[in-house]
Peer 1: 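After the structure tokens below, expect a handful of questions from me.
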Amino acid sequence: MQRTLILLKPDCVQRRLMGQIISRFEAKGLNFVAMKLLQITPELAKQHYAEHVEKGWYPTLEEFITGGPVLAGVLEGLEAVQVVRDMLGATSGLKAAPGTIRGDFSSSRQMNLVHGSDGEEAAAREIGLYFKPEELVANTPTITPWIRAADEA
Ligand code: CDP
Ligand code: MG
């Protein structure tokens with residue numbers, strides 16, 4: 001079982017797409033174990049996007065990601081890190097395949113609606129940036145036996 005961090009970015013919140021995006025993760029069989037609305041500060045943005053801080057386009061990314069509230073969530077599921085990345089699609093909404101979240105809802109390289117951790121190490125680091133350990137709850141819905149066979153987990 002893996003956990004991964006998602007952010008519904010400011011464009012997603014402003015465009016009132018949170019419900020539709022959350023629905024997709026629920027329908028897939030992923031479980032939310034934490035969720036909160038917050039405003040990202042420039043300091044948190046630099047920590048979150050540490051690998052991109054030196055890039056020429058970072059200032060506009062920081063302006064975007066701090067420009068309105070985001071919804072941060074932790075999703076749990078089998079192979080959750082890769083499953084979520086695949087559901088998001090390529091970084092640019094113009095390149096992301098139809099059927100993916102970015103492919104269906106985004107026409108932008110920057111305003112691509114949702115962040116998902118890109119590996120298990122990144123997931124652990126990013127979950128720690130947004131949530132205290134006690135903010136994560138146990139959440140195994142009773143319908144789980146109808147989501148996958150018992151020997152798959
Ligand atoms: O989010 P993902 O891992 O797919 O992409 P990334 O290459 O790690 O870039 C992080 C985020 O920076 C993207 O999701 C975009 O919102 C933004 N970005 C940007 O503003 N301009 C670029 N040229 C590339 C990415
Ligand atoms: Mg990335």
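When reading the values below, keep in mind they use all heavy atoms of this one structure, side chains included, and skip hydrogens, waters and symmetry mates.
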Peer 1: Do Pro69 and Leu38 have side chains that get closer than 4.5 Å, going by heavy atoms?
Peer 2: no

Peer 1: Using modelled atom types and a 3.5 Å cut-off, is there a donor and acceptor pairing between side-chain atoms of Asn112 and backbone atoms of Thr91?
Peer 2: yes

Peer 1: Kindly compute the distance separating CG (Leu71) from NZ (Lys9), expressed to the nearest 0.5 Å.
Peer 2: 14.0 Å

Peer 1: Does Leu37 belong to the same Ile/Leu/Val/Met/Phe/Trp/Tyr cluster as Leu113, with side-chain heavy atoms less than 4.5 Å apart forming each link?
Peer 2: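 Yes, it is one cluster - the side chains of Leu37 and Leu113 are joined through contacts under 4.5 Å.
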
Peer 1: Starting at CZ of Arg109, measure out to OG1 of Thr60 and round the result to the nearest 0.5 Å.
Peer 2: 8.5 Å

Peer 1: To the nearest 0.5 Å, how far apart are OG in Ser92 and CZ in Arg102?
Peer 2: 9.0 Å

Peer 1: Here's one to test your reading of the geometry: is the NZ or CZ of Lys36 within 45 degrees of the ring axis of Phe131 and under 6.0 Å from its centre?
Peer 2: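 Lys36 over Phe131 ring: yes.
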
Peer 1: To the nearest 0.5 Å, what is the distance between CZ on Phe105 and CD1 on Ile21?
Peer 2: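 Taking CZ in Phe105 and CD1 in Ile21, the distance rounds to 4.5 Å.
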
Peer 1: Is the CD atom of Glu120 crowded by more than 12 outside heavy atoms at less than 6.0 Å?
Peer 2: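 12 or below, so no.
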
Peer 1: For the pair Met87 and Leu30, evaluate side-chain contact (heavy atoms from CB on, under 4.5 Å) and give the outcome as yes or no after the intermediate values.
Peer 2: CA-CA 11 Å; Met87 289 177 73; Leu30 292 157; 4.1 Å; yes

Peer 1: Determine, using the 4.5 Å side-chain heavy-atom cutoff (strictly less than), whether Leu17 and Leu75 are members of one ILVMFWY cluster.
Peer 2: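 Leu17 clusters together with Leu75.
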
Peer 1: Indicate yes or no for a side-chain donor-acceptor contact from Arg3 to the backbone of Ala123 under 3.5 Å, with no hydrogens or angles considered.
Peer 2: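 A pair under 3.5 Å: no.
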
Peer 1: Would you check if the side chain of Ser117 reaches a backbone N or O of Thr4 as a donor-acceptor pair within less than 3.5 Å?
Peer 2: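 Checking the backbone N and O of Thr4 against the side chain of Ser117, no donor-acceptor pair under 3.5 Å is found.
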
Peer 1: Check step by step if side-chain contact (heavy atoms from CB on, under 4.5 Å) holds for Thr66 and Thr41.
Peer 2: CA-CA 6 Å; Thr66 63; Thr41 61; 5.9 Å; no

Peer 1: Is Arg148 atom CZ crowded by more than 12 heavy atoms from other residues, nucleotides or ligands, each under 6.0 Å away?
Peer 2: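 Enclosed.
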
Peer 1: For Met1 and Leu78, run side-chain contact (heavy atoms from CB on, under 4.5 Å): C-alpha distance rounded to whole Å, both residues' side-chain angles, the deciding distance at 0.1 Å, then the answer.
Peer 2: CA-CA 5 Å; Met1 199 63 83; Leu78 297 178; 4.3 Å; yes

Peer 1: Do Lys55 and Leu61 touch side chain to side chain, with heavy atoms closer than 4.5 Å?
Peer 2: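 SC-SC contact between Lys55 and Leu61 ruled out.
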
Peer 1: Is the backbone N or O of Lys132 less than 3.5 Å from a side-chain atom of Glu135, with the two atoms forming a donor-acceptor pair by type?
Peer 2: yes

Peer 1: Taking the side chain from Glu79 and the backbone from Gln2, do they hold a donor-acceptor pair closer than 3.5 Å?
Peer 2: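 Answer holds: no.
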
Peer 1: Closer than 3.5 angstrom, by distance alone: can the side chain of Asp104 be matched with the main-chain N or O of Gly99 as a donor-acceptor pair?
Peer 2: yes

Peer 1: Under 4.5 Å between side-chain heavy atoms, hopping through other hydrophobics if needed: is there a path connecting Met18 to Met35?
Peer 2: yes

Peer 1: Which atoms form the tightest heavy-atom contact between Thr100 and Ala96, and what is the distance?
Peer 2: OG1-CB, 3.6 Å

Peer 1: Using only atom types and a distance under 3.5 Å, with no angle test, would you say the side chain of Asn139 pairs donor to acceptor with the backbone of Phe32?
Peer 2: yes

Peer 1: Where do Ile127 and Leu136 land on the side-chain contact (heavy atoms from CB on, under 4.5 Å) test, with the steps shown first?
Peer 2: CA-CA 10 Å; Ile127 290 168; Leu136 304 185; 4.1 Å; yes

Peer 1: Is any side-chain heavy atom of Val74 less than 4.5 Å from a side-chain heavy atom of Tyr130?
Peer 2: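 The answer is no; the side chains never approach within 4.5 Å.
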
Peer 1: So if you build clusters from Ile, Leu, Val, Met, Phe, Trp, Tyr with side-chain heavy-atom gaps below 4.5 Å, do Met111 and Leu94 land together?
Peer 2: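 Different clusters.
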
Peer 1: Compare all side-chain heavy atoms of Leu5 with those of Arg125 and state whether any distance is below 4.5 angstrom.
Peer 2: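 Result no, sub-4.5 Å side-chain heavy-atom pair not found.
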
Peer 1: So which of His115, Gln47, His48 actually passes side-chain hydrogen bond (donor to acceptor under 3.5 Å, both in side chains) with Glu126?
Peer 2: His115

